[in-house]
Amino acid sequence: MIRLLPYNRRAAVAYAHKWAFDRNPAFYDFSEIGGDCTNFASQCLYAGGGIMNFEPELGWYYIDATDRAPAWTGVPFFWEFMTRPMPTNGPVGIQAPMRLIRPGDFIQLRFSTSGEVFAHTPVVVSVGMPPRPENILVAAHSNDADNRPLNTYENVVEMRFLHIVGILKNVPDSPPDQAPQSQTEDNEQSEG
């Protein structure tokens, strides 16, 4: 049975603040070979969810620099995994309007220099009300940033907003005489 567990947005944002200008030694730094933005976004998301999906081609996981899913580090693959139609383990999101974006969500940017391809994945760390590009603050790697207003990115021709709705986890059916694990216990386990 697949269950939707809560996403710990505070943990994801705390991770983003901690590592925005540094690198967690548990993860390879891809800055010199294509960029580290989606690797950093995935780390933040994992900090708030704690569940990877180890399907080799279609999953979202990181073991080491050479053993990881394309969705862990690739901007378009990250989007495809998060918005996948099939309920499989790992975080899940939906494309959302700007007004639904919250801290711990993600934004993907397409620049005039990147053609038709989205090329950057910052994590949202703060949102003013109502959400607007000048009061949505992000953290990112590659061009390291924390609390950066979204409207300060130059040459942006398109933005898409990814709202994380929760973390999917396949759990075995409980025997009828055994109570299922509580939401509190799930939340403690998913703080990763």
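We use all heavy atoms of the structure for the numbers below, so side chains are in, but hydrogens, waters and symmetry mates are not. Small disclaimer: the values here were computed from a predicted structure and weren't measured.
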task: Tell me, with the steps shown, if Phe27 and Tyr62 meet side chain to side chain contact (heavy atoms under 4.5 Å, CB included).
output: CA-CA 8 Å; Phe27 299 92; Tyr62 179 95; 3.5 Å; yes

- prompt: About how many Å separate CZ of Phe78 and CD of Gln108, when rounded to the nearest 0.5 Å?
  reply: 7.0 Å

task: Starting from Phe21, walk the hydrophobic network (Ile, Leu, Val, Met, Phe, Trp, Tyr; side-chain heavy atoms closer than 4.5 Å) and list everyone else you reach, by chain and number.
output: none

message: Please find the pair of heavy atoms, one from Ala139 and one from Val125, that lie closest to each other, and give the distance.
response: CB-CG1, 3.8 Å

field: Co-members of the apolar cluster containing Phe161 [side chain, <4.5 Å]
entry: Met98, Ile101, Ile107, Leu109, Phe111, Val124, Val127, Met129, Ile136, Val138, Leu150, Tyr153, Val156, Met159

- prompt: So does Asn143 have more than 12 non-hydrogen atoms from other groups sitting under 6.0 Å from CG?
  reply: no

- prompt: For the side chain of Asn89 and the backbone of Asn170, is there at least one donor-acceptor N/O pair under 3.5 Å apart?
  reply: yes

- request: Might you point out which heavy atoms bring Ala16 and Val123 nearest each other, and give the distance in Å?
  value: CB-CG1, 3.7 Å

field: Pairwise distance OG1(Thr88) to CG(Asn53) - rounded to 0.5 angstrom
entry: 4.5 Å

query: Cut-off 3.5 Å, side chains only: do Ser31 and Arg23 have a donor facing an acceptor?
result: yes

task: Spell out, as yes or no, whether a donor-acceptor pair under 3.5 Å connects the side chain of Ser114 to the backbone of Arg110.
output: no

query: Are the side chain of Asp144 and the backbone N or O of Ser142 linked by a donor-acceptor pair below 3.5 Å?
result: yes

message: Trp72 and ring-ring contact (aromatic ring centres under 6.0 Å, His included): which single residue from Trp60, Phe81, Phe77 fits?
response: Trp60

- prompt: Counting heavy atoms not belonging to Arg132, are there more than 12 under 6.0 Å from its CZ?
  reply: yes

field: Any donor-acceptor N/O pair, His17 side chain to Ala12 backbone, under 3.5 Å
entry: no

